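For reference, the structure discussed in these notes is given below.
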Number of protein chains: 2
Amino acid sequence: MTTSRVTIKDVAARAGVSKGAVSLAFNHKPGLSEATRERIFQAAQELGWAPSLTARTLAGSRVDVVGLAICRPARLLGLEPFYMEFISGVESVLTEHSCSLLLRLVRSVEEEVGIQESWWRGRQIGGSILVDFRPDDPRVAAAERLGMPVVAVGHPTLTGGLTSVWTDDATAVTEAVRYLAALGHRRVARVGGAAALGHTAMRTAAFDEAARTLELAGARQLTTDYSGEAGARATRSLLSAAAADRPTAIVYDNDIMAVAGLSVAAEMGLSVPGDVSLLAWDDSQLCRLTHPTLSAMSHDVHGFGVEAARTLFGVLSGEGPGSHPVPTPVLTPRGSTAPPSR
Amino acid sequence: MTTSRVTIKDVAARAGVSKGAVSLAFNHKPGLSEATRERIFQAAQELGWAPSLTARTLAGSRVDVVGLAICRPARLLGLEPFYMEFISGVESVLTEHSCSLLLRLVRSVEEEVGIQESWWRGRQIGGSILVDFRPDDPRVAAAERLGMPVVAVGHPTLTGGLTSVWTDDATAVTEAVRYLAALGHRRVARVGGAAALGHTAMRTAAFDEAARTLELAGARQLTTDYSGEAGARATRSLLSAAAADRPTAIVYDNDIMAVAGLSVAAEMGLSVPGDVSLLAWDDSQLCRLTHPTLSAMSHDVHGFGVEAARTLFGVLSGEGPGSHPVPTPVLTPRGSTAPPSR
DNA sequence: AACGTTTTCTTAACCGGTAAAGTCCCTATC
DNA sequence: GATAGGGACTTTACCGGTTAAGAAAACGTT
């Protein structure tokens, strides 16, 4: 009930030493006899004391909290397996360093800049992981202006001089299109993610480029908000074209939209992969739960989070800016892709 | 680049006043002329200063961070729409109070007790939201021992004397079973969540009770780990019984498993809802993306998070322990439930 | 003009730690 | 036996705020 805040002073008194000695003991610094050290830990244990991180932070040492602000409508976040998996990867590294994650959902990049700045100014965080980069993202300048240690999750062309962790979306898109073309598809469509995001633009450009190179006349692209509903709408729009124009293969920017697409195809009486092939992205467990199972560009999202966190610790320990690519998503063919029917 | 930490002292100097005056101004406390107040804000703005939350916390005011530790294997978290939606609800309230969320994924309740304790001891958080209660949960005693303000998300019978926010799972399960029975189903099965969780036990008991009351001889239940794979396995096991014993309706404890079940039925050549009806739980967007769409016990998870956070702020402002039920999940029939075929 | 009130601001003591500098004592060295 | 060098602690000065108590100036009163 009472709790009566136990402080370092109480521990010092109980162990019969000074505050300084307790501090020394708890930071495993030299200058104390084994006996005293033991006595101090004993006292701390008895009183149930742990050093206040707040005070410790204020006293000038580092902050062991990492920030992460995510800017997506709440409705979508719930559904996207991506972030939770990413976070779990980040967490697994933070835990090793007994660090915590400060999370915030924001509505705009501008708001995020504000949050990050106040976190940093208020000494709430030691550094941050920035995600969902846009072209000319204001966070690049903000991070540099503040001198705040960050790792930017995004392609180096988007993240300015910041240390970045990224996947090669362009190559993955190209591989996806090549694969579908190799199966014999000519009318390939892509249902992309949010148009404002930098990596969507990169995928769009790569898709165009691949379509041109492979001389796919019927290539088409749409952008969405990543939601299943938008994916369904986009698919419906693509598949309702006259049979001669209708795409025979569709690539999606996440797996929720691919699942939605699968259901639209069924609803329209089209068989997958007979009438249309579908290819998902990110490849969560979901892709193996549908019927037919979804072929996907598969991706170790957890590992992506791990790498981001590791890199942030690198930055925190003084490493200069760098570019850290993580493995390119690999094609994982399952039941939803096949050669087009004649 | 340099940032040269701006502190309250710098602001005071620039405004030509003392530290104390700046503090007064920024906390909107009386005792300053309008002119000085203005001058101070002006100076702060020019220097880009914001008070350090760390220092502020240390100086004795409250902590504006709320803790949340989640104990589920990372692999599952990614997929479960529940938590992200819940978090987004929590966040929306925290934001109003300019509070942040400290998130941690843990592997066991014991680990969580440790984390919560060190957060609290270290003055990292002002209070916490506890989720996923088990019978005799050690967190109840821990929270009371520490005198830590918390809100427990779980049924009052599980959360001891802690302030709780909960949904009436028992009633919802009963309603689900009644509905299926009303459609004419006699062999109803349930694919439950993690056996160790308190609310799973409550649902299991309620299901048994409802089956007895309605005299459903063929009622069966299984528990899983909430993953789609486990849901698929469970469904496969249930549906591979001889036709005369095979359940004609299955209730799932989340929607991922229901999706998995749907695909298993398809794989086994059974039609939904013709041969077997499926009923999902939680009702994320996913339930509307399958074919047929999934009937579900629908639930405002975002609102659940909102209520949890609101209640925590109540506790923080001194409200005594209380019990806050949120609306019971309501049955939302869609395409996956129908009377059994003869 | 003398005196009590307010208003407005300053001082100084914390909050709970860290870290550099200082003190004391014990031992090795010449 | 004087001195230097460590080891084991203690002192003390911060970190960047808050806040109670104190002081100076402005104001109203009789």
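All chains are named by letter (A, B, ...) in the order of the sequence lines, taking the proteins before the strands, and each is independently numbered beginning at 1. No experiment lies behind these values; they were computed from the predicted model shown.
Applying the side-chain contact (heavy atoms from CB on, under 4.5 Å) rule to A/Asp300 yields the partners A/His302; only residues at least two apart in sequence or on another chain are considered. Scanning for side-chain contact (heavy atoms from CB on, under 4.5 Å) contacts around A/Pro135 gives an empty result, with sequence neighbours left out. In this structure B/Arg121 satisfies the salt bridge (charged side-chain N to carboxylate O under 4.0 Å, His left out) test together with B/Glu117, sequence neighbours excluded. When the ring-ring contact (aromatic ring centres under 6.0 Å, His included) test is applied to B/Trp166, the partners found at least two apart in sequence or on another chain are B/His155. Contacts of A/Leu316 classified as side-chain contact (heavy atoms from CB on, under 4.5 Å), with partners at least two apart in sequence or in another chain: A/Pro149, A/Leu312, A/Phe313. Every side-chain contact (heavy atoms from CB on, under 4.5 Å) that A/Leu24 has, sequence neighbours left out, goes to A/Lys29, A/Leu32. Under the rule for a salt bridge (charged side-chain N to carboxylate O under 4.0 Å, His left out), A/Glu307 has no partner lying at least two apart in sequence or in another chain.
Residues from residues 27-42 of chain A lying near DNA chain D, meaning a heavy-atom separation below 4.0 Å, are A/Gly31, A/Leu32, A/Ser33, A/Thr36 in numerical order.
When heavy atoms are screened at a 4.0 angstrom cut-off, A/Val17 is found touching the sugar-phosphate backbone but no base atom.
The ring-ring contact (aromatic ring centres under 6.0 Å, His included) analysis of residues 33-54 of chain A, with sequence neighbours excluded, yields the pairs A/Phe26-A/Phe41, A/Phe26-A/Trp49.
With rounding to whole Å, B/Leu47 atom CG is found 14 Å from D/dG16 atom P.
Of the candidates B/Glu110, B/Glu144, B/Glu112, B/Gln116, B/Glu112 is the only one forming a side chain to side chain donor-acceptor pair (under 3.5 Å) with B/Arg139.
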Look for any protein N or O under 3.5 Å of an N or O in nucleotides 14-16 of chain C and output each such pair with its distance, or none.
from: C/dC15; atom 1: O2; to: B/Leu58; atom 2: O; distance (Å): 3.4
from: C/dC15; atom 1: O2; to: B/Ala59; atom 2: N; distance (Å): 3.4
from: C/dG16; atom 1: OP1; to: B/Arg123; atom 2: NH2; distance (Å): 3.3
from: C/dG16; atom 1: N2; to: A/Ala55; atom 2: O; distance (Å): 3.4

Distances under 3.5 Å only, N/O to N/O: pair up the protein atoms with those of nucleotides 20-28 of chain C.
none

Residues 97-108 of chain A side chain polar contacts: donor-acceptor under 3.5 Å, at least two apart:
from: A/Ser100; atom 1: OG; to: B/Trp119; atom 2: NE1; distance (Å): 3.4
from: A/Arg104; atom 1: NH1; to: B/Cys99; atom 2: O; distance (Å): 3.4
from: A/Ser108; atom 1: OG; to: A/Glu111; atom 2: N; distance (Å): 3.0

